[in-house]
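Step one of this worksheet: look at the structure below.
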Amino acid sequence: MATRPTDISLTPTRAARTSRWFVLQYKMAPYLFVSPFLILFFTFGAYPIVKSLILAFYATNGPKSAVFVGLENFRFLLSDSDFHKAVWNTAVFAFWSVFLQLPLSLGLALLLNSRWVRGRELLRLAFFSPNLLGQVFVGVLFSVLFIPQYGLVNRFLHFVAGVPLDTKWLANPNLVMPALVLTSLWMYVGFNMIYFLAALQAVDKDLYEAATVDGANAWHQFWAVTLPGIKPVAVFVLVMSTIGSFQLFELPWIMLNNSAGPDQAGLTIVMYLYQTGFVTGDLGYASTVGWTLALGVLMISLFQMRVTGAWKGGD
Amino acid sequence: MRFPYGPAALSMLILSILSGVWLAFNPVPPKKATLVMWTFAKTHYDAYKQAIPSFEAKHPGVKVDLQLVSWQAVTSRLQAAFLSDLDVPDLVEVEISAAGSFFRGPLKDVGFLDLTDRIKKSGLYDRMVRARFAPYTSRGHIFGLPHDVHPVMIAYRRDIFDQLGIDVSKIHTWDDFIAIGRKVTIPGKRYMLELPDSESSRFEPLLYQRGGGLFDPQGNCTMDNEIAVQTMLFYVPLVAGPNRIASDLGGGQIFTRAVEDGYFLCMIAPDWRSKTIEVDVPKMRGKMALMPLPAVYPGGRRTSTWGGTMIGITKHCKYPDLAWELALHLYLNKDDLAQRFRDTNILPALKEAWDHPAYDEPRPYWSNQPLGRLYAQLAPDVPFQYTSPFVGTAKGKLSEALVACVQYYKQHGDKGFEEFVRKRLKQSADEVRRLMRRNPY
């Protein structure tokens, strides 16, 4: 007599159950491990990003009174003179700080990478240390250095070049940007120098020996060996410095005494975003500014990477 | 046994465990206050700390949590609190230039309680300087109780004036003042008056003195009207061009040094700033004095106003009647106000408080002048200052116009100046109006 199917126990044995639970645990473990990050990211990263994108299409006065205005915020942005000024100021700052910072950082790195400079370690530390201070501290420091009549900058310039003692660096719309660029140079040249130093030390020494054997002079070696060798780092520094420049906020905010300075000469895009969102309380328009900034920075970064050939890879 | 990831990781692990254990055994005690109040001024904070115990004694079981929030943060933090509906205080003191930004949107969505009925029923509308309600009023609704009047005088170096033989009793109008200023100013070394050429903080009091302002009572932008044009035509030659009598170096230590050196002879000084000067330039004790603002024309107004604070009750408050009582306790107690005046030099908005003897006390710093009486005599003449949710933008635009006018005047002098001023002020005002039109509420 054949055994009826009902005689076969369909309940898994204890060992099988344990085994399945083990398999399940095994499969779930990676998700459990990454879940803290995912929870935090979706709560504090993705949700605000999506929410701000939605807000960009609303005129807001807090969550209670938000009126859908479609593309009106973006249309207004195109004709907003304050935003234009913020974009111009930020672009000027980015241009000068990047195009002065990079050569200076590289030059300093080359200098401190050469064997004949004494006290290299100390000098590296000295040039890097301004970056440890933070933008708020540096802002306070330089706002004191730049004060007219009694400030150290004017005293020095008066002594060496006869510049008037009452030159108002931070109260003259034409001098605000030079003051900000100078301050950022002091703060970041040493920081970027470290990247270049690391890149220089990673260039294969054999290439220099081969170039010397081939009769290449120092300039040729720099052009044909050093520059190609540090190119990935140079592109990285260029892109990061540009992004950093477009995120400028604390330095002018502190140096200009929590304002945009005379004639809004120190108004940056992030400062405008902050003022619009958290001082005026117009979160919708601030979101529009934020998204425009994000898209702008993305496009500039892509352009820089395209021009510098960062995507070609391999070499 | 060696830790597999090295000593650095080990030390971080130990630190995190230790700090975690410490935090677990030292939790932050939850605050269970009946009322939470924010103020941005340290002087107010110190004074209220003394006044709150008597309020708590009058109301057993009531606990007031007073918090000092920085001036810059109070605006942004309060905006954020309103937006998120979290951590909203029950009462807040808001600085005058930020107050308007909280009156955006439909009236029903303003975060502060409408105090109009309470103020009118309690008689405070008549007992306080009426002009001081204007900055805290939007669309006919009063959202804040004024803390102060802030009449403006001129603080001057009496010792240098005496040396130079200047008789301040003969200074009646700005023309008199400027004539003396031109005689005593030595470019680069000594200036008659401290005035900035790059921002409008002191342009505004002079605008109000003439009866002008950034907005009218209906909230329309008026910063390009004839009064504003005339004020600009008056102001710019004071700070620019060959005949300037004014300069500005900044605040803090540099201001101290400039006053001590006699770089500035006079400063625009509302009541609160007289205390700032006392604190920042202590060496000038007995060498300073105050005089009324020169009038625009003979017999005209001899004061203006600069700065201000309101106290508001948020809609978040669970006990608005109790909060109102606390506001009155802090703003109406005559003895407390008198002591606060001694500590801060700030003249309260409550008119009957000025009868207290504290306001007649001679002040050694100010050459024994009765500082309180001098300010109180000018207080009834303080001009109205109307606000708008766009007041911050308007201030910025006015500063931009000032900078442009100063630059024009430096390059071209009087030639075409008036036309430029009209055009530039209109441009600034139009930008504000454009922003106002965008408001969909």
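In what follows, chains carry the letters A, B, and so on, assigned in the order in which the sequence lines appear, proteins first and then strands, with residues in each chain numbered from 1. None of these values were measured; they are calculated from a predicted model.
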- Should we say atom CH2 of A:Trp186 is surrounded by more than 12 heavy atoms from elsewhere, each under 6.0 Å from it? yes
- Query: Is atom CZ of A:Phe68 surrounded by more than 12 heavy atoms (other residues, nucleotides or ligands) closer than 6.0 Å?
  - Reply: yes
- Query: In terms of heavy-atom proximity below 4.5 Å to chain B, should A:Gln275 be classed as side chain, backbone, both, or neither?
  - Reply: neither
- Query: Quick one: what part of B:Glu431 sits under 4.5 Å from any heavy atom of chain A, side chain, backbone, both or neither?
  - Reply: side chain
- Check B:Asp197 against A:Ala171 and note the closest heavy-atom contact, atom names and distance. OD1-O, 4.5 Å
- Query: Salt bridge check: are B:Arg438 and A:Asp282 linked by an N-O gap of less than 4.0 Å?
  - Reply: yes
- Task: Check whether B:Gln253 gets within reach of chain A through its side chain, its backbone, both or neither, counting any heavy atom under 4.5 Å.
- Result: neither
- Query: Between CG of A:Asp82 and OG1 of B:Thr393, what distance do you get to the nearest 0.5 Å?
  - Reply: 7.5 Å
- Counting heavy-atom pairs under 4.5 angstrom with chain A, the leader among B:Arg257, B:Gln407, B:Lys397 is B:Arg257
- Query: In terms of heavy-atom contacts, does NZ of B:Lys426 have more than 12 from other residues, nucleotides or ligands at under 6.0 Å?
  - Reply: no
- Task: State, to 0.1 Å, how close A:Tyr150 and B:Ala258 come at their nearest heavy-atom pair, and which atoms those are.
- Result: OH-CA, 3.7 Å
- Taking atom OH of B:Tyr235 as the centre, report whether more than 12 heavy atoms of other residues, nucleotides or ligands fall under 6.0 Å from it. yes
- Would you name the heavy atoms of B:Arg434 and A:Asp80 that are closest together and state the gap between them? NH2-N, 4.2 Å
- Message: Is B:Tyr263 in contact with chain A via its backbone, its side chain, both, or neither, using a 4.5 Å heavy-atom distance?
- Response: side chain
- Message: Please determine whether the number of non-hydrogen atoms from other residues, nucleotides or ligands lying under 6.0 Å from atom CZ of A:Phe95 exceeds 12.
- Response: yes
- Item | Side chain, backbone, both or neither of A:Ser143 within contact of chain B (heavy atoms, under 4.5 Å) | neither
- Quick one: does B:Ser247's side chain get under 4.5 Å of A:Lys168's, heavy atoms only? yes
- Query: Quick check: does any side chain N or O of B:Arg104 sit under 3.5 Å from a backbone N or O of A:Thr60, one acting as donor and the other as acceptor?
  - Reply: yes
- Task: Please round to the nearest 0.5 Å and tell me the distance separating atom CD1 of A:Ile147 and atom CG of B:Leu249.
- Result: 8.5 Å
